[in-house]
Amino acid sequence: MPELPEVETVRRGLEALTLHQPLVGGEVCLARSLAYPDSPDVFRNNLRGRYFVGWQRRGKYLLGTFDNGAILVVHLRMSGQLLWLATPQPLCSHTRIRWFFPEGMELRFVDQRTFGRCWLLPNFEAIAALIPTLATLGPEPLSEAFSPAFLAAQLHRYRRPLKSALLDQRIVAGMGNIYADESLFLAALHPLTPSDALNPNQVERLHQTVHQVLEAGIAAGGTTLRTFVSTLGVNGRYGGQAWVYGRKGQPCRVCGTPIEQLRIAGRSSHYCPQCQPLSRAMGK
């Protein structure tokens with residue numbers, strides 16, 4: 001699933017390509033990809049003549065603001081892509097929703113696994129009722145609100161594996177499997193470390209490494225494992241520089257020990273047993 005760096009990469013592309021161009025129409029190719037409104041006709045009619053004035057990212061959600069205050073929300077989920085086409089292109093079989101711009105330009109939502117969703121909302125206030133998971137997200141990890149004190153308070157609320165805590169969107173909005181593994185490696189913390197066992201120095205180090213890996217991921221245009229591409233169809237480059245994620249059996253880039261993998265709450269976790277021993281992570 002695209003995580004914060006991937007979604008931020010898409011947001012920057014949309015910001016550069018789609019603003020202040022009046023839409024001339026739209027098309028819903030797969031009804032279930034449109035979560036709101038229920039009617040594709042209402043969706044199309046509410047688009048015509050409108051134009052985007054800005055794009056935001058909240059966690060893994062994209063929010064495009066129209067000139068009349070309406071909001072387009074997109075969640076890419078497992079395989080969603082938002083592709084910008086400067087000239088008309090043949091329709092691929094996985095095209096779900098289309099937005100038509102002047103001179104044959106088009107924004108196309110392509111989603112092979114069909115888990116992605118789009119909402120066209122009248123305003124920001126509608127988010128709480130129609131997309132409650134978006135309304136309850138925690139702070140953005142690159143914002144001032146995501147402070148070491150906030151992180152410590154959240155981690156110490158429950159005793160659970162640290163990896164599971166980092167995937168809690170109420171704690172770190174936009175964090176996912178890839179960058180959680182990377183953050184834990186750079187912080188020298190085992191993914192099974194109880195979240196309430198970290199001392200202040202370990203929390204501070206983890207806070208720093210979350211910033212570090214997310215900024216590196218954004219700079220690399222995200223990670224392409226299967227389907228992720230930017231709005232112009234470019235693959236992300238972070239995977240080639242990952243410390244541990246996706247590198248099971250390969251030598252650690254620091255110590256040479258083979259990277260190991262385990263499953264925590266159904267999710268794969270990659271770590272170096274030498275650089276991230278559980279006893280050291282627990283402060284023993």
Side-chain angles (χ1 to χ4, degrees), residues 1-15 18-19 26 28 30-40 42-43 46-47 50 52-82 96-97 99 107 109-111 113-147 150-151 154 157 164-180 210 214 217-218 222 227-228 230-231 265 267:
M1 178 183 293
E3 303 177 23
L4 187 154
E6 291 75 52
V7 180
E8 177 62 18
T9 297
V10 174
R11 186 202 69 79
R12 294 182 181 189
L14 294 169
E15 186 86 8
T18 68
L19 300 189
V28 177
L30 183 67
R32 69 172 176 269
S33 294
L34 180 64
Y36 187 88
D38 295 333
S39 167
V42 172
F43 175 79
N46 287 342
L47 289 176
R50 302 269 65 94
F52 290 107
V53 296
W55 284 91
Q56 301 175 49
R57 179 196 50 75
R58 188 72 176 93
K60 301 174 187 178
Y61 291 85
L62 289 157
L63 297 88
T65 303
F66 287 103
D67 58 300
N68 65 345
I71 308 295
L72 175 68
V73 180
V74 182
H75 198 325
L76 302 175
R77 294 204 173 140
M78 294 296 292
S79 61
Q81 302 170 335
L82 282 172
R96 307 309 179 193
I97 299 179
W99 295 265
L107 180 64
F109 181 51
V110 177
D111 187 12
R113 300 188 67 179
T114 72
F115 294 136
R117 293 292 182 268
C118 298
W119 297 258
L120 182 59
L121 307 180
N123 48 51
F124 274 100
E125 288 71 25
I127 289 175
L130 296 172
I131 320 177
T133 54
L134 172 55
T136 57
L137 288 176
E140 290 293 321
L142 299 179
S143 71
E144 292 184 1
F146 183 73
S147 64
F150 171 84
L151 179 59
Q154 296 300 311
R157 289 182 65 189
S164 297
L166 286 183
L167 296 180
D168 187 337
Q169 298 299 291
R170 297 167 298 180
I171 297 177
V172 194
M175 181 66 81
N177 222 26
I178 298 171
Y179 301 99
V210 166
L214 291 178
I218 292 170
T227 59
F228 170 74
S230 71
T231 49
R267 305 294 299 276

Asks: Ignoring hydrogens and geometry, is there a side-chain-to-backbone donor-acceptor pair from Arg113 to Met78 under 3.5 Å?
Replies: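 It does not hold such a pair.
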
Asks: Kindly determine whether Leu30 and Val28 satisfy side-chain contact (heavy atoms from CB on, under 4.5 Å), including the steps that lead there.
Replies: CA-CA 6 Å; Leu30 183 67; Val28 177; 5.8 Å; no

Asks: What are the two closest heavy atoms between Trp99 and Cys118, and how far apart are they?
Replies: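 Reported closest heavy-atom pair: CH2-SG, 4.0 Å.
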
Asks: Check Asp111 against Ser79 and note the closest heavy-atom contact, atom names and distance.
Replies: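 Asp111 and Ser79 have their closest heavy atoms at OD1-OG, 2.7 Å.
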
Asks: Considering only residues two or more places apart or on different chains, which pairs with a residue in residues 130-142 satisfy salt bridge (Lys or Arg N to Asp or Glu O under 4.0 Å)?
Replies: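 Residue pairs with at least one partner in residues 130-142: Arg57-Glu140, Arg58-Glu140.
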
Asks: For side chain to side chain donor-acceptor pair (under 3.5 Å), just list the numbers for Thr114 and Arg96, CA-CA rounded to whole Å, side-chain angles, deciding distance to a tenth of an Å, and then say yes or no.
Replies: CA-CA 8 Å; Thr114 72; Arg96 307 309 179 193; 5.7 Å; no

Asks: Kindly give the heavy-atom pair with the smallest separation between Pro122 and Tyr36, and that separation in Å.
Replies: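 Result for this residue pair: CD-CE2, 4.5 Å.
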
Asks: When you measure from the side chain of Asn123 to the backbone N and O of Ala126, does any donor-acceptor pair fall under 3.5 Å?
Replies: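 Looks like yes, one N/O pair under 3.5 Å.
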
Asks: Check the pair Trp55 / Thr18 against side chain to side chain donor-acceptor pair (under 3.5 Å), numbers first and verdict last.
Replies: CA-CA 9 Å; Trp55 284 91; Thr18 68; 2.9 Å; yes

Asks: So Arg12 and Glu15, salt bridge (charged side-chain N to carboxylate O under 4.0 Å, His left out) or not? Walk me through it.
Replies: CA-CA 5 Å; Arg12 294 182 181 189; Glu15 186 86 8; over 6 Å; no

Asks: Should Leu63 and Leu134 be marked as a side-chain contact (heavy atoms from CB on, under 4.5 Å) after you check the CA-CA gap, both sets of side-chain angles, and the distance that decides it?
Replies: CA-CA 11 Å; Leu63 297 88; Leu134 172 55; 4.2 Å; yes

Asks: Look at the side chain of Glu6 and the backbone N and O of Leu4, then say whether any donor-acceptor pair between them is shorter than 3.5 Å.
Replies: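 Such a contact is absent between Glu6 side chain and Leu4 backbone.
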
Asks: Which heavy atom in Ile218 sits nearest to a heavy atom in Thr9, and how many Å separate them?
Replies: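 Taking Ile218 first and Thr9 second, the nearest heavy atoms are O-OG1, 4.3 Å.
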
Asks: Which distance, rounded to the nearest 0.5 Å, do you find between the CG of Leu167 and the CZ of Arg267?
Replies: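 The CZ atom of Arg267 is 5.5 Å from CG of Leu167, to the nearest 0.5 Å.
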
Asks: Return the CD to OG1 distance between Gln81 and Thr227, rounded to the nearest 0.5 Å.
Replies: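 Reported to 0.5 Å precision, the distance equals 5.5 Å.
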
Asks: Could you work out, with side-chain hydrogen bond (donor to acceptor under 3.5 Å, both in side chains) as the rule, every residue matching Arg170, not counting sequence neighbours?
Replies: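 Residues passing side-chain hydrogen bond (donor to acceptor under 3.5 Å, both in side chains) with Arg170: Asp168.
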
Asks: Can you measure from CD (Glu3) to CZ (Phe228) and round to the nearest 0.5 angstrom?
Replies: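 If I round to the nearest 0.5 Å, the distance is 11.0 Å.
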
Asks: Just so I know, are the side chains of Val74 and Val10 near enough to count as touching, which here means a heavy-atom distance under 4.5 Å?
Replies: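 Counting from C-beta outward, Val74 and Val10 never come under 4.5 Å.
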
Asks: In Å and rounded to the nearest 0.5 Å, what is the OG1 to CG distance from Thr65 to Asn68?
Replies: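 Separation between the atoms: 10.0 Å.
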
Asks: What residues form a side-chain hydrogen bond (donor to acceptor under 3.5 Å, both in side chains) with Trp119, not counting sequence neighbours?
Replies: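 Checked Trp119 against side-chain hydrogen bond (donor to acceptor under 3.5 Å, both in side chains); zero matches.
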
Asks: Identify the heavy atoms of Leu120 and Leu47 that sit nearest to each other, and give their distance.
Replies: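 Minimum heavy-atom contact is CD2-CD2, 4.2 Å.
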
Asks: Nearest 0.5 Å please: distance from the CZ atom of Phe150 over to the CD1 atom of Ile171.
Replies: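 If I round to the nearest 0.5 Å, the distance is 7.0 Å.
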
Asks: Quick one: do Tyr61 and Leu137 satisfy side-chain contact (heavy atoms from CB on, under 4.5 Å)? Show the steps, please.
Replies: CA-CA 10 Å; Tyr61 291 85; Leu137 288 176; 4.2 Å; yes

Asks: Mind checking the CG-CG spacing from Asn46 to Leu121? Nearest 0.5 Å is all I need.
Replies: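 If we round to the nearest 0.5 Å, Asn46:CG and Leu121:CG are 11.0 Å apart.
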
Asks: So, for Leu19 and Gly54, which heavy atoms are closest and what is the spacing to 0.1 Å?
Replies: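 Residues Leu19 and Gly54, closest heavy atoms: CD2-N, 3.5 Å.
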
Asks: Is a donor on one side and an acceptor on the other found under 3.5 Å between the side chain of Gln169 and the backbone of Gly174?
Replies: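 Yes; judged by distance alone, with no hydrogens or angles, the pair exists.
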
Asks: Can you find a pair of side-chain heavy atoms, one from Tyr179 and one from Val210, that are under 4.5 Å apart?
Replies: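 When only atoms from C-beta onward are counted, Val210 and Tyr179 do not touch, as no gap falls below 4.5 Å.
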
Asks: Taking Phe115's backbone N and O only, do any of them form a donor-acceptor pair with Arg77's side chain (distance below 3.5 Å, no angle check)?
Replies: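 Yes, because the side chain of Arg77 sits within donor-acceptor range (under 3.5 Å) of the backbone of Phe115.
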
